[in-house]
2 protein chains.
Amino acid sequence: MHSMLEGTPAESGLRERKKRATRAALVEAAVRLAVERGVENVTVDAISAAAGVSTRTFFNYFDSRDEVFVMVGADAGHRVRRAVLAAPPELSPLEALRDALAAELEEVEQQQELWCLHAEVLRKAPQLLARRIGAHMADELGLAETLAERMGAGSPLFTEERPDFASPEEEERRRALGLYPRLLAAVGGTAVRVAVEHWSVRQGETAFADVFRETFEHLTTGLTLPQQYPVPADGA
Amino acid sequence: MHSMLEGTPAESGLRERKKRATRAALVEAAVRLAVERGVENVTVDAISAAAGVSTRTFFNYFDSRDEVFVMVGADAGHRVRRAVLAAPPELSPLEALRDALAAELEEVEQQQELWCLHAEVLRKAPQLLARRIGAHMADELGLAETLAERMGAGSPLFTEERPDFASPEEEERRRALGLYPRLLAAVGGTAVRVAVEHWSVRQGETAFADVFRETFEHLTTGLTLPQQYPVPADGA
DNA sequence: ACGCAAAAATGCAGAGCCTGCAAAAATGCA
DNA sequence: TGCATTTTTGCAGGCTCTGCATTTTTGCGT
């Protein structure tokens, strides 16, 4: 819970595998039931029954009924952070983040079916969408840490020496960076969200990669009004 | 629910005033109780009792217990959109948005006490923070509409003629703008959030206006690595 | 001032959510 | 196989939330 990047190793005891299976079964059952009969009409009892466990067990896996609907791809943040750290050093922080996110999104395209069902559920349930965004925010803090580390200091993560506390020099460098890493992480996450939303209402009309590229071009050009679509000379 | 900017008129019948008072009393009671004994230990019964109404009445005002904790400043989005439309036409969209947000944040500084209590509550309750972000997202959609309008077309809002549907030409212009307005609205909201968070952990160390300015400078310079704080020559 | 219709508040029953606790089943290992 | 640990399960009980019928309050015409 305290040293930062060891949340999702591939531990493969029978115990661990079974827990993963149960968790996945609950998530999938929940999403399918939600698509079928609407989120509000899916009780914890029904989800548990469909997944073949008791009601009480459901709450051993999720803190609330709603949480099961926002737990698709919960480990994406983890992979993004690894990718940021592994990025070629000649890339700017924003470029490194962009490429890391792009790589993760390619992964997602391969689990398309579950993701599409999931998106359908969220679209019809604003309250769950809100929770989803909140989940992203948790990742955001960690991502800001990782970005700060890439820019300003040695690697407190992945080192044996002092995984929990940075050296005074590292602290100093982070302070000097100000809110930049935090802002970069937050804006990056926001960009992904907007790109996905924009693309999902134009399904098939454009490749997602193009939407993604356009989004980050806006960011790198300081969010200026796109030149190719000027406003008309005068309002009417 | 369909024509866009008429959410908060100052209707002043006795009925309306009493409803506003009851709503405000519930919100304030909830926040104070939460600061006093922790969010999780505040029941709807307690909030209702403190506000002098029945438990059942609470649910006539809020859809859920949690909602009462995220309803501080629910009409800010409305004012921001008006400010965006009223901004001098020589400002770029990003500048107009920046100034509109800055103006709103000055308003907030005057209700400081309740906001600080509220911030304290949210800091200790991630799940509520998530809901809060979700609430902001609802505003985001409307803000994107308003920005698109300012940039690309006449004013479908505030006109008598066709408040619900844009003309074909307006539609065309919006399509040409692509995801830019949406991205601008989302990034603007994110910037405010990051600025507030960054400032609130450095309370008193810096003026909020400075943090806010720095944040938007990052955005206008394409989120490049700040020049005044270069990374050291080589990692160690 | 009075009474009436609309709106709001209330009590209550009932379904669903969620938690602690202790007993029972499953698992990993010597 | 036998034992320690982990996981699942049932159950009691409190809290959240909704629909419905009833009572109280408000706005307004007379």
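Chain identifiers are assigned alphabetically (A, B, ...) following the order of the sequence lines, protein sequences preceding nucleic acid strands; residue numbering begins at 1 within each chain.
Summarising the geometry, the separation between CZ on B:Arg20 and P on C:dA8 is reported as 12 Å, rounded to the nearest angstrom. Regarding B:Asn60, its CG atom lies at a distance of 6 Å from the P atom of C:dA9, rounded to whole Å. Atoms CZ (B:Arg17) and P (C:dA7) sit 18 Å apart, rounded to a whole Å. As rounded to whole Å, 13 Å separates atom P of C:dT27 from atom CD of A:Glu16. Atom CG in B:Leu26 sits about 15 Å away from atom P in C:dA8, given to the nearest Å.
One finds the CD atom of A:Glu197 at 5.5 Å from the CZ atom of A:Arg193 (value rounded to the nearest 0.5 Å). Separating the CD atom in A:Gln127 from the CG atom in B:Asp66 is a distance of 10.5 Å, to the nearest 0.5 Å. Atoms CG and NE2, from B:Leu143 and B:His78 in turn, are 12.5 Å apart once rounded to the nearest 0.5 Å. One distance of note links CG of B:Leu85 with CZ of B:Arg82; it measures 8.5 Å at 0.5 Å rounding. Considering CZ of A:Arg132 and NE2 of A:His118, their distance stands at 5.0 Å, rounded to 0.5 Å. Taken to the nearest 0.5 Å, the CZ atom of B:Arg182 stands 10.0 Å off from the CD atom of B:Glu145.
Remark: A:Tyr61 is in phosphate contact with D:dT8, judged by side-chain N or O atoms under 4.0 Å from OP1 or OP2. Residue B:Lys18 has no polar side-chain atom (N or O) positioned under 4.0 Å from OP1 or OP2 of C:dA8.
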Subject >> Letter per nucleotide, 5' to 3', of nucleotides 12-24 of chain D [B base touched, S only sugar-phosphate touched, - untouched; heavy atoms, 4.0 Å] >> reply: ----SBBBB----
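Under the 30°/60° scheme for interplanar angles, the aromatic rings of A:Phe208 and A:Phe212 are found to be tilted.
When atom types are taken as modelled, the side chain of A:Arg65 and the backbone of A:Val42 share a donor-acceptor pair closer than 3.5 angstrom.
Closest to the B:Thr57 side chain, of the nucleotides C:dA8, C:dT10, D:dT9, is C:dT10.
When the C1' atoms of four end pairs are superposed on the next four at each end of the helix from C:dA1-D:dT30 to C:dA30-D:dT1, using five pairs per end, the two resulting axes differ in direction by 20°, to 10°.
Side-chain contact between B:Phe59 and B:Val44: present, with at least one pair of heavy atoms (C-beta onward) separated by less than 4.5 Å.
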